[in-house]
Amino acid sequence: MAKAAKQSFVCQNCGTITPRWAGKCPGCEEWNTLVEETDAGPPPGGGLSPRGRKGAVVRLETLTGDTDEAPRISTGLAELDRVTGGGIVPASAILIGGEPGIGKSTLLLQLAAELSLKGRRALYFSGEEATAQVRLRAERLGLAHAPVALASETNLANILATAADGPRPDLIIIDSIQTLWSDTLEAAPGTVSQMRQATQGLIRFAKQAGSALVLVGHVTKEGQIAGPKVIEHMVDTVLYFEGDRGNPFRLLRAIKNRFGATDEIGVFEMAEEGLREVRNPSELFLGDRDGDAPGAAVFAGIEGTRPVLVEIQALVAPSGLGTPRRAVVGWDASRLAMILAVLDARCGISFATHDVYLNVAGGLKIIEPAADLAAAAALLSSFSGAPLPKDHVYFGEVSLSGAVRAASHMATRLREAEKLGFETAVMPAAGDIKKRTVSIELSRIKHLKHLADGLAPCQ
Ligand code: TYD
Ligand code: MG
């Protein structure tokens, strides 16, 4: 008699498995995340088979030897090629995450259309929209004539059967992985076990058939791809599509890439006729800035492992109060107090009779100490009334002695600044940079004094 399937409760946030339901997950302490799921047992072919058959001995190889470099499929979208490391690798899986409405479906429809127009077979399975909606979008994009094979389907078995039917697909798009369900599991679509099963099945098919697989993943309010990291571990490449909905610009970032670097970003603009590539992103970011106003410095920062360029704005104004105001948004107030004290004690520039306001543009919160130098540059610029050069970025930690300390990931910051069109980086003198890896000019300073001297505040 077949053994009854085991019931367990799986946290949808961290993946912790418990035998009993509880309001709070014992693993990550999140509330209401435990969902009952049935364990379907090991996937077919994994370890001992259900019939207890012994595994076959595989051939072991050495690290050296001939390996065919995977021929990449150029997507026809240069920014997407850049982020994937030179095009999509056949038989690989890409997960693309982003907030609702950011443009994931638009990007993937454009990708499918580009490839199908080049004679490749592209399948688009939409689990969220009816085919009519996808057709409408294609019309809007002017791509309705592209021979994309389209279906509105959420059943995993049907999708696999369809993909296996007919000529080998070069590209399979699943929009989104959260909508898929397999009837071998009792759990609802979007639960960890359903997503894992669907991803496993699709990846297995893609690897066997040699098709490139692109999965859309929803993100939670914290900005993570929904479900625990399991899906991200299973795929070869994880991309995030980011942007502000009030702003037409979109950034595509690689978070993980088994076939390329992860510090490349792709820049797009959402226009009436879909996503347009932005060839010269520097113009776009500089265009938004008022480069002639004093008190703005661009900080080359790192968010987690991702490089982010952000403007730090300062306003220094004579104070009518006995105790001048210090207000800061997006940065640590005690860090600002420290920078002001260092400028006073080590550089002889006192802000004691001035109100100081500091703001990180775009609502970003910076916790990195490397923002010190950019904040100091913004403060000095506003104090002196002299704008900073438009094409400069700043980063470096300032110590209490006024010395500028090396920051982490310096090469990553420089590459990002270079990519976004900046020409000079004002940065710590300490720390090695392989000069040939970057072409941006480096202005390396040892002490905050050197920055203050260059900006010559007038009092
Ligand atoms: P969509 O690709 O549906 O987002 P996602 O799949 O990430 O949820 O894009 C949604 C937004 O993009 C929608 O609000 C309208 C806008 N849009 C344009 O501005 N121009 C276009 O040509 C298209 C197709 C969409
Ligand atoms: Mg969509």
Side-chain angles (χ1 to χ4, degrees), residues 75-80 83-84 88 93-117 122-146 148-155 159 171-181 189-190 194-195 198-199 202 213-227 231-232 235 237-255 265-278 281 284 288:
T75 60
L77 301 162
E79 292 293 304
L80 184 58
V83 177
T84 50
I88 293 181
I94 297 175
L95 176 65
I96 168 163
E99 285 182 20
I102 209 74
K104 301 179 295 294
S105 305
T106 308
L107 178 70
L108 295 182
L109 187 59
Q110 284 180 244
L111 168 66
E114 288 281 348
L115 290 192
S116 66
L117 285 172
L123 307 185
Y124 191 116
F125 292 100
S126 177
E128 295 186 344
E129 294 164 308
T131 39
Q133 278 174 289
V134 182
R135 274 200 203 116
L136 263 177
R137 180 180 292 126
E139 249 164 56
R140 196 169 157 189
L141 297 172
L143 294 169
H145 62 289
V148 176
L150 174 67
S152 179
E153 182 56 65
T154 53
N155 182 298
I159 289 178
L171 176 72
I172 304 170
I173 291 171
I174 306 290
D175 188 2
S176 68
I177 188 70
Q178 273 90 359
T179 58
L180 295 200
W181 60 282
Q194 283 285 9
M195 286 203 290
T199 311
L202 288 163
L213 176 69
V214 181
L215 308 171
V216 171
H218 285 219
V219 294
T220 60
K221 60 181 186 301
E222 287 85 33
Q224 303 274 316
I225 290 178
I231 310 295
E232 296 195 27
V235 298
T237 303
V238 179
L239 307 178
Y240 269 79
F241 208 29
E242 312 172 333
D244 184 14
R245 254 187 289 162
N247 188 318
F249 304 113
R250 304 282 182 265
L251 295 186
L252 187 65
R253 291 178 189 275
I255 304 302
I265 63 168
V267 186
F268 296 89
E269 180 181 1
M270 180 61 93
E272 273 299 306
E273 66 285 6
L275 287 159
R276 240 198 330 251
E277 296 171 62
V278 176
L284 164 174
D288 242 17

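Worth knowing before you read on, the calculation uses all heavy atoms, side chains too, and leaves out hydrogens, waters and symmetry mates. Heads up: numbering here begins at 1 and tracks the sequence. Counting convention: from 1, in listed order, for ligands and their atoms alike.
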* To do: Could you name the protein residues that come within less than 4.0 Å of ligand 1, counting only heavy atoms, and order them by chain and residue number?
  => E99, P100, G101, I102, G103, K104, S105, T106, R137, R140, L141, M270, A271, E272, E273, G274
* Structure fact -> In short, side-chain hydrogen bond (donor to acceptor under 3.5 Å, both in side chains) pairs touching residues 97-115 with sequence neighbours left out are S105-D175
* Asked: Quick one: which of I172, I174, I173, L239 gives a side chain to side chain contact (heavy atoms under 4.5 Å, CB included) with V214?
  -> I173
* Asked: Does any N or O in the side chain of E79 come within less than 3.5 Å of the main-chain N or O of E277, such that one atom is a donor and the other an acceptor?
  -> no
* To do: Check salt bridge (charged side-chain N to carboxylate O under 4.0 Å, His left out) between E272 and all other residues, then give those that pass, not counting sequence neighbours.
  => none
* Residue pair L107 / I96, side-chain heavy-atom distance below 4.5 Å -> yes
* To do: Ignoring hydrogens and angles, tell me if any N or O in the side chain of S152 forms a donor-acceptor pair with the backbone of E129 under 3.5 Å.
  => yes
* Just wondering, do T199 and L95 contact through their side chains at under 4.5 Å, heavy atoms? -> no
* Asked: Is the closest side-chain heavy-atom distance between L123 and I159 below 4.5 Å?
  -> no
* To do: Using modelled atom types only, decide if a donor and an acceptor are shared between the side chain of R250 and the backbone of F241 within a distance under 3.5 Å.
  => no
* Around the Mg ion (ligand 2), list the protein N/O/S atoms within a radius below 2.8 Å, excluding water molecules. => S105 OG
